[in-house]
Student: 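To start, I am sharing the structure in question, which I have written as structure tokens.
Predicted model only: the values in this text are computed from it and were never measured.
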Amino acid sequence: MTGVFLALLKGVPVALAVTGLAFLIGAVLGIPLVLMRRARSWLPRLIARIYIDVMRGIPPVVWLFIIFFGLGSGIIALSPFRAAVLGMGLISAAYLAEIYRGGFLTLPAGQNAAAVALGLTRLDTLRYVLAPQVLRVSVAPMATFLVSLLKDTTVASTIGVRDVMMLVTQQAQAAGGGFAPFIAAAVLYILLSIPVAVLARTMDARMRGRIAA
Amino acid sequence: MSEAQTPAGPPVVSLKKINIRYGNHHAVRDVSLDIARGEVVAMVGPSGAGKSTLLRAINMLETPSSGTLHVGDFTFSLDHRLSQKELLALRRSTGMVFQQFNLFPHMTVEKNISLPQMRVLGRSRAEADKVTARLLERVHLADKAKAYPARLSGGQQQRIAIARALALDPKVMLFDEPTSALDPELGLDVLEVMRELAADGMTMIVVTHEIAFAAEVADRVIVMADGEIIEQGPPDQVIRNPQLPRTQKFFRAILDRH
């Protein structure tokens, strides 16, 4: 069991890299997406909405196959790793845009009115008044999403990324179908997700402590 | 406030035939109003009368469907949509204080007051902080510069909100029920600051239910009902000796409660 566990550790950096990079892409792309979702004119709103619904509707494994075998073979050559990062990043953008949108909805209407009445431009209102508050309330749901993304990226093994899951499958086959590798993987993922949850709770408590009395 | 008979000169705020509609609801009907420099106007009336809506139209937080709006150096016809630039110019001429204070909770008191100066007027941080310190002095909260709003009482937050609006050197201050969300005792400090502001010659429009404050501080009391100005004049005349039955009923109801 210990041997199996150590063997799986080799997959951890790749799993973390796919998760981290996809999350980063999503966190950045989620910003224009949520702004489009909240735009005054209908066209950007519609485009963002379609994107979000489509991305959340496709199972990640199907989406990775489309990116890797469809896009990757015909249009641009993508390594399995890059295809996984890109594919999971585009999905993350949809989820994170919705998390940001939820954050906007929690803000009292008076915040925007006050900024507008002071004569701040729309960009300044967003940058100095709304966005920092949205980010604060988004920390906890973003961390929850990060943990589920970490688990979801196990599908990257299906397109040949040598992550933890790939090693699990190999170990299981080598051991002749035992389930020990799967138990080891379960333990490993729990251990990986605990620090994220703890960090999220600490940050959340710190930011809330400042705003609440 | 004794010699506060409206001074001569062009009005600081001038509304001409302002109409505001929400779908079928005609919230403000053909209201015209001139406010002179240094004048303190109290707007009173039953809820739903359109007082706050009219006030919020002066800095275009509400969009009138027709009329002409003049504030400071700017005159806008409201028959067409105002450009972003026109809106910013208008809002830089007005300062607004809200019922719910609306301080930015993630910034210290100092930053709440300094940041708009830096972004809107282009002041340096040092200049802005100097103005902020002076204004905190003026609203009697000099020791709260580094505090976050959540640590302050409602009355303190509202005084900070007044300082934040004053920091941009507005031509007119708009108060939207500034003490309605406060315990009566906490409201006193806010009213005191507003009284001092009026004495310093600030042009002020105050939507309020504080009839005693209106009687004491206002140069003119405007009574609104159903989207129209139904009566206006010096407080002595309007509050003590209202002409219309509707106005008489309104003031009787308010005075009975005190």
Side-chain angles (χ1 to χ4, degrees), chain A residues 27 31 34-36 38-44 99-143 200 202-213, chain B residues 52 55-56 58-63 81 84-108 111-122 147-154 157 160-161 164-170 173-176 181:
Chain A
I31 295 169
V34 73
L35 296 181
M36 286 169 70
R38 292 169 44 82
R40 285 183 200 179
S41 32
W42 61 272
L43 186 63
I99 288 174
Y100 297 154
R101 194 169 71 92
F104 273 105
L105 293 177
T106 65
L107 296 188
Q111 289 292 304
N112 189 58
V116 166
L118 285 165
L120 291 172
T121 62
R122 267 192 240 163
L123 186 64
D124 276 355
T125 299
L126 183 68
R127 182 169 153 202
Y128 294 104
V129 179
L130 305 181
Q133 296 189 63
V134 168
L135 200 64
R136 275 170 170 76
V137 295
S138 298
V139 166
M142 283 171 86
T202 321
M203 279 178 71
D204 191 48
R206 228 194 67 198
M207 289 175 161
R208 271 173 212 282
R210 178 177 288 179
I211 291 178
Chain B
S52 288
L55 187 79
R56 290 163 65 92
I58 296 173
N59 64 1
M60 292 291 283
L61 284 183
E62 301 283 345
T63 311
R81 262 184 76 162
Q84 199 60 29
K85 219 172 142 184
E86 288 174 313
L87 286 173
L88 289 178
L90 173 64
R91 286 165 184 156
R92 281 165 200 192
S93 310
T94 59
M96 184 154 212
V97 175
F98 298 86
Q99 186 178 344
Q100 301 294 340
F101 335 131
N102 298 343
L103 293 180
F104 304 135
H106 58 298
M107 298 179 192
T108 61
K111 188 141 189 236
N112 261 281
I113 306 174
S114 287
L115 179 93
Q117 299 176 56
M118 292 157 64
R119 301 306 305 174
V120 175
L121 301 181
Y148 281 90
R151 306 271 172 212
L152 305 180
S153 73
Q157 290 192 51
I160 301 297
R164 181 174 69 175
L166 287 175
L168 301 179
D169 303 325
M173 285 286 285
L174 312 173
F175 293 86
D176 190 0

Student: Given B/Ile113, which partner from the list B/Leu166, B/Leu168, B/Ile160 fulfils the side-chain contact (heavy atoms from CB on, under 4.5 Å) test?
Tutor: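 One option only clears the test, and that one is B/Ile160.
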Student: Specify the closest pair of heavy atoms between B/Leu55 and B/Met96, including all atoms of both residues, with the distance to one decimal.
Tutor: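 Looking at all heavy atoms of both residues, the shortest contact is CD2-CE, 3.8 Å.
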Student: Give the table of side-chain donor-acceptor pairs shorter than 3.5 Å for residues 103-116 of chain A, with sequence neighbours excluded, one pair per line with atom names and distance.
Tutor:
residue	atom	partner	partner atom	Å
A/Thr106	OG1	A/Gly103	O	2.7
A/Gln111	OE1	A/Gln133	NE2	2.7
A/Gln111	NE2	B/Leu103	O	2.8

Student: Would you find a donor on one side and an acceptor on the other, under 3.5 Å apart, between the side chain of B/Arg91 and the backbone of B/Met60?
Tutor: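 Checked: pair present.
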Student: At a 4.5 Å cut-off on heavy atoms, which part of B/Gln84 comes close to chain A: side chain, backbone, both, or neither?
Tutor: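 The side chain, not the backbone.
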Student: Tell me, out of B/Asn59, B/Leu61, B/Leu87, B/Leu174, who's got the most heavy-atom pairs with chain A below 4.5 Å.
Tutor: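 Result: the option with the highest number of such pairs is B/Leu61.
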Student: Examine whether an atom of B/Phe98 lies under 4.5 Å from a heavy atom of chain A, and if so say whether it belongs to the side chain, the backbone or both; otherwise answer neither.
Tutor: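 Contact with chain A: side chain only.
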